K.L.:
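After the structure tokens below, expect a handful of questions from me.
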Amino acid sequence: MQDSIRIGVIGGGGWLGKALASAILNKDVVEHEALTLSYRHERPASFPNVPCTQDNQELADRSDVIIVSVRPADWPSLLVDAHGKLVISVMAGIRLHQLAAHHQTSRVVRAIPNAAAEVGRSYTPWIASGGVDETDRSIARRIFHAFGVEDEVIGESDIDYLTGLSGSGPAFPALFAAAMMKDAVDHGLPIDIARRAVNTVLIGSGALLEHRDECPNNVVNSFLNYRGTTAAAIEAMRAFGLESAVSEGLSAASKKSVSMGDVS
Ligand SMILES: NC(=O)C1=CN([C@@H]2O[C@H](COP(=O)(O)OP(=O)(O)OC[C@H]3O[C@@H](n4cnc5c(N)ncnc54)[C@H](OP(=O)(O)O)[C@@H]3O)[C@@H](O)[C@H]2O)C=CC1
Ligand SMILES: O=C(O)[C@@H]1CCC=N1
């Protein structure tokens, strides 16, 4: 990346902050000494060679790009003057205009990675404020590419929707897997066998979708057209409301995202 760039992660001791920091270092976006992490209670132990501080203003002063990764409820009390620097928020709900006013900068990116950042497989949609130029955009993309795939979107409401769809997304196949696991154990399958079967199915399904690189509905339709056991299962699950359950869940997540931005 640009030789002189320095990145700070506020909330760098948290779950997502640590995942982002690891990816940024692993993908050589910056060297250890050009990264700063802030923490509130416990210094992040897994970054022995990275400067860490409890003083968020100090982090902002020594960074060119400031990633804000605290919980939305903790953000109003985070008084950091970014004085015109590039601020990248990964917080659910907090809107561009709030970030710009609160951190005294017109260069703001609002992004939503997901838990798969931990394994470098996040999907990260993002939106930029008017003060963000092409250089800032390429910095943001380089950071997001360190932990997965990104897309810039046009409307901020898309970010609220995607906070549910992809931000929370890794939880949903896991939820499905847990339901399969419960059914398998209820049917008397040994736990170890059930776990290996279900986890392998989930991983294999992800790999299949990646390999085919087409709409999931096409994959589902190819199973339906086979007219065998899989089609019987899909039709029964649909009849019991699988699709409306998913739609209700995504709607609840999106509403929650908007409400998380209603902070004073
Ligand atoms: N987890 C996920 O999958 C995703 C999370 N997000 C967003 O990322 C953000 C972080 O989430 P996540 O990592 O899961 O949450 P965590 O609770 O794991 O991490 C938040 C961290 O922020 C720290 N913190 C709070 N206030 C301050 C402060 N003033 N100065 C320094 N550090 C502070 C906390 O410290 P302490 O523990 O000491 O209180 C904690 O380590 C949230 O806004 C969330 O909406 C977005 C997409 C996905
Ligand atoms: O559950 C949450 O609030 C966070 C934000 C998006 C995904 N996880």
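Every number for a ligand or one of its atoms is a count from 1 in the order of the listing. The structure presented is a predicted model; accordingly, all values stated were derived computationally and were not measured.
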K.L.:
Answer yes or no: is there a donor N or O on one side and an acceptor on the other, between the side chain of His211 and the main chain of Ala207, under 3.5 Å?
P.N.:
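It does not hold such a pair.
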
K.L.:
Could Glu33 and Arg62 be called an ion pair, given the rule that one side-chain N must be under 4.0 Å from one carboxylate O?
P.N.:
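Looking at Glu33 and Arg62, the cut-off is not met.
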
K.L.:
Do His83 side-chain atoms and Asp61 backbone N/O form a donor-acceptor pair below 3.5 Å?
P.N.:
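The answer is no, because no donor-acceptor pair under 3.5 Å joins these two groups.
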
K.L.:
May I ask you to decide whether Lys18 forms a salt bridge with Glu118, counting only side-chain N to carboxylate O separations under 4.0 Å?
P.N.:
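No salt bridge links Lys18 with Glu118.
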
K.L.:
Counting only heavy atoms and a distance below 4.0 Å, can you name the residues contacting ligand 1?
P.N.:
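Within 4.0 Å of ligand 1, protein side: Gly11, Gly13, Gly14, Trp15, Leu16, Ser38, Tyr39, Arg40, His41, Asn56, Ser69, Val70, Arg71, Pro72, Asp74, Leu78, Val90, Met91, Ala92, Pro113, Asn114, Ala115.
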
K.L.:
Which is closest to atom 7 (C) of ligand 2 by heavy-atom distance: Gly167, Ser257, Ala253?
P.N.:
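Answer by nearest heavy atom: Gly167.
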
K.L.:
So that I can tick it off, tell me whether Lys182 and Asp186 are bridged by a salt bridge, with the cut-off set at under 4.0 angstrom between side-chain N and carboxylate O.
P.N.:
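Judged by the 4.0 Å cut-off on N to carboxylate O distance, Asp186 and Lys182 do form a salt bridge.
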
K.L.:
Ion pair present between Arg95 and Asp160, side-chain N to carboxylate O less than 4.0 angstrom?
P.N.:
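Not counted as a salt bridge, because no side-chain N and carboxylate O are separated by less than 4.0 Å.
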
K.L.:
For atom 1 (O) of ligand 2, grab the closest protein heavy atom and report residue, atom and distance to one decimal in Å.
P.N.:
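Here the closest protein heavy atom is Ser168 OG, 4.6 Å.
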
K.L.:
Quick test: of every protein heavy atom, which one is nearest to atom 3 (O) of ligand 2, and how far off is it to 0.1 Å?
P.N.:
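I find the closest protein heavy atom is Met260 CE, 3.9 Å.
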
K.L.:
Looking only at the side chains, is there a donor atom on one of Asn114 and Ser166 sitting less than 3.5 Å from an acceptor on the other?
P.N.:
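Result is no, nothing qualifies.
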
K.L.:
Give the residue and atom name of whichever protein heavy atom lies nearest to atom 5 (C) of ligand 2, and the separation in Å to one decimal.
P.N.:
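Minimum-distance protein heavy atom for atom 5 (C) of ligand 2 reads Ala92 CB, 3.9 Å.
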
K.L.:
May I ask you to decide whether Arg6 forms a salt bridge with Glu31, counting only side-chain N to carboxylate O separations under 4.0 Å?
P.N.:
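Salt bridge between Arg6 and Glu31, a charged N being under 4.0 Å from a carboxylate O: no.
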
